[in-house]
2 protein chains.
Amino acid sequence: MNILVVEDDNDINHLLCNIIRKRNYSAQPAYSGTEAILYLEKQDWDLVLLDLMLPGMTGEEILSAIAAKSNVPVIVISAKGDQHTKIDSLRAGADDYITKPFDIEEVSARIDSHLRRYKRMSIAPSKQELAFKDILVDLEAKTVQVNNQKLALTSREYAILILLLSSPKKVFSKSNLFENVWHEPFHGDDNTVNVHMSNLRTKLSKANPAEEYIETVWGMGYRMKS
Amino acid sequence: MNILVVEDDNDINHLLCNIIRKRNYSAQPAYSGTEAILYLEKQDWDLVLLDLMLPGMTGEEILSAIAAKSNVPVIVISAKGDQHTKIDSLRAGADDYITKPFDIEEVSARIDSHLRRYKRMSIAPSKQELAFKDILVDLEAKTVQVNNQKLALTSREYAILILLLSSPKKVFSKSNLFENVWHEPFHGDDNTVNVHMSNLRTKLSKANPAEEYIETVWGMGYRMKS
DNA sequence: GAAAGGCTTAAGCTAATTCTTAAGAAAACC
DNA sequence: GGTTTTCTTAAGAATTAGCTTAAGCCTTTC
């Protein structure tokens, strides 16, 4: 779960990030509206904590800018305690409104509440895909297309492919693969990864003999071949 | 949009219903926990406003009873203003917590905010029917037709079918199914889903022996067979 | 409080995948 | 060229996932 914390005050931002990390979510601080917009464009977020009083932008501007970029839930955390601002923010697209000074436990509980709801509901929408060369993975349907042909992979092979595709430039060591696919520690004398990798490569190259998709980085591990 | 208002005080219940109707949603008053549960079983709701202090039930009992019946969002409206109760309620499943005496405009704005979010994310937004091959589901009447025959499904079977049909291409893992149908965390050694799936398949294929509707994706879960 | 229907659990069974092993081939390094 | 690492292959064993059935429990209904 990735949470973006938009707050210009350094101390408060830091405090909020700590609350989030204590609950084992990842927190990314942003200190201005423009910085926040950049982060929103760059990747998907599960929740935004937003201070309304940012330099150079009004609260409504920020809220509508966020709404234009994504439909991520937004919790406003603001020093403005008046009903007028609160109601306007909620009407402008905020999902919650907490006034400063805030109770840490309450912020934590509200974050959890929104994430819980969001998680429960994100069953249907947003199509998620991974693409690389002519490999196309539909993460929801868990199908793999190569060279316009459907590829039947076992769940292990699928897990390996997904992992490699998640960071195509990264070299994954065998122990790295083992931890992420098998969720077990790796014992150096194990040929299992080799065999699975071989099987995966065979299936990929059957679908498109002209391409080589996975390369071996000698002494290091494996990586998608770019 | 149907909103259930659970509040034993007649005047406040009436006031809340009026707020809701002013925004052109329909409001249904309930004056006790047991009455609320009955309404929850009888039909689908888009939102619940809930007073925590009801005769005969504690707040947490009500919240978990609601969670067991459906995953409708719940806004708690309570006279208890202490942080402890607030945080406990949010952790117990509430989506929002408003303290009495409340600001009418704020309640209104928060209702809108939750409905907006729910609508944007809900599984089958504003659709009254689901169709797939010759399966026809009437979501209002909760009836299922296959091959022009009415199919009598139990509530669990129905819930499973609805979930699968909501994203026919998506593979639903067992834990995924469990969370969405049973509203409980999944323990790996549980055979329940298997059995229900088997029963559902049997009923479907009795109605139309020629078709296979649900396919098993080995090691991943289940999906509608396209 | 008896009956019916629905739900869960347990057990046996089948099918599919995964692991292991090992030996020869191929590739990379020095 | 020799050494090391990695790849491939294949077959059998082991493991795991899934299916089905039936019995017992629980809840609802009358």
Side-chain angles (χ1 to χ4, degrees), chain A residues 142 144 151-164 171-206 209 212-223 225, chain B residues 34 37-38 40-42 65 68-69 142 144 151-161 163-164 171-206 209 212-223 225:
Chain A
K142 308 216 182 200
V144 181
L151 209 55
L153 299 183
T154 69
S155 57
R156 284 275 202 262
E157 289 158 4
Y158 179 80
I160 292 171
L161 183 61
I162 293 295
L163 184 63
L164 292 176
V171 176
F172 289 88
S173 69
K174 284 187 186 176
S175 67
N176 211 325
L177 275 162
F178 226 78
E179 274 171 27
N180 283 293
V181 175
W182 279 262
H183 306 291
E184 275 173 30
F186 176 69
H187 308 291
D189 59 342
D190 198 319
N191 185 33
T192 308
V193 177
N194 283 332
V195 174
H196 279 278
M197 201 58 81
S198 169
N199 292 336
L200 179 54
R201 289 211 251 228
T202 305
K203 287 191 182 177
L204 287 172
S205 79
K206 241 175 213 163
E212 198 192 333
Y213 297 101
I214 301 171
E215 77 179 327
T216 305
V217 182
W218 233 74
M220 302 275 180
Y222 303 89
R223 159 175 60 191
K225 184 167 189 180
Chain B
T34 46
I37 303 290
L38 281 176
L40 284 166
E41 281 172 349
K42 214 163 63 178
K69 297 290 174 197
K142 300 207 178 195
V144 181
L151 208 56
L153 297 183
T154 70
S155 59
R156 290 269 137 104
E157 288 159 5
Y158 178 80
I160 292 172
L161 184 61
L163 184 63
L164 291 175
V171 174
F172 290 87
S173 70
K174 284 187 186 174
S175 66
N176 212 325
L177 276 162
F178 221 79
E179 276 168 25
N180 283 292
V181 174
W182 278 261
H183 307 295
E184 275 172 31
F186 177 69
H187 309 291
D189 59 342
D190 198 317
N191 180 33
T192 309
V193 176
N194 285 334
V195 175
H196 282 276
M197 201 58 80
S198 169
N199 293 337
L200 178 54
R201 278 172 168 162
T202 306
K203 288 190 183 178
L204 287 171
S205 79
K206 241 173 212 164
E212 198 192 332
Y213 296 100
I214 301 171
E215 79 178 324
T216 304
V217 183
W218 235 83
M220 310 253 185
Y222 301 89
R223 160 175 58 193
K225 185 167 189 180

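So that the names make sense, note that chain A is the first sequence line, chain B the second, and so on, each numbered from 1.
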Expressed as a whole number of angstroms, how long is the span from [X]:[atom1] to [N]:[atom2]?
X	N	atom1	atom2	value
B:R156	C:dG5	CZ	C1'	14 Å
A:Y222	D:dC7	OH	C1'	8 Å
B:D189	C:dT8	CG	P	14 Å
A:E212	D:dC7	CD	P	11 Å
A:E215	C:dA28	CD	C1'	14 Å
A:F178	C:dT20	CZ	P	7 Å
A:L200	D:dT8	CG	P	11 Å
B:E157	C:dT8	CD	P	11 Å

Ignoring backbone atoms, test whether [X] places a side-chain nitrogen or oxygen under 4.0 Å from the OP1 or OP2 oxygen of [N].
X	N	value
A:H196	C:dT18	no
A:T216	D:dC7	yes
B:S198	D:dT21	no

Original post:
On DNA chain D, nearest-nucleotide positions of A:K174 versus B:G219: which is more 5'?
Top reply: A:K174
Original post:
Nearest of D:dT20, D:dT9, C:dG6 to any side-chain atom of B:V195?
Top reply: D:dT20
**OP:** Report which part of the nucleic acid A:S155 touches: base, sugar-phosphate, or nothing (heavy-atom distance under 4.0 Å, all strands).
**Re:** sugar-phosphate
**OP:** Record whether the side chain of B:N194 comes under 3.5 Å of the base of C:dT9 through a donor-acceptor pair of N or O atoms.
**Re:** no
Subject >> Positive for salt bridge (Lys or Arg N to Asp or Glu O under 4.0 Å) with B:E215, one of B:K225, B:R201, B:R223 >> reply: B:R223
Original post:
With a 3.5 Å cut-off and no angle check, do the side chains of A:R156 and A:T192 form a donor-acceptor pair?
Top reply: no
**OP:** Show the numbers, then the answer: is there a side chain to side chain contact (heavy atoms under 4.5 Å, CB included) between B:F172 and B:I160?
**Re:** CA-CA 10 Å; B:F172 290 87; B:I160 292 172; over 6 Å; no
**OP:** Please tell me which of A:W182 and A:N191 maps to the more 5' nucleotide of DNA chain C, matching each residue to the nucleotide holding its nearest heavy atom.
**Re:** A:W182
Original post:
Closer to the 5' end of DNA chain C via nearest nucleotide, is it A:T192 or B:D190?
Top reply: B:D190
**OP:** Mark yes when over 12 heavy atoms from residues, nucleotides or ligands other than B:K142 sit less than 6.0 Å from its NZ; otherwise mark no.
**Re:** yes
**OP:** Take A:K174 and A:N194, measure what side chain to side chain contact (heavy atoms under 4.5 Å, CB included) needs, and give me the verdict at the end.
**Re:** CA-CA 9 Å; A:K174 284 187 186 176; A:N194 283 332; 3.1 Å; yes
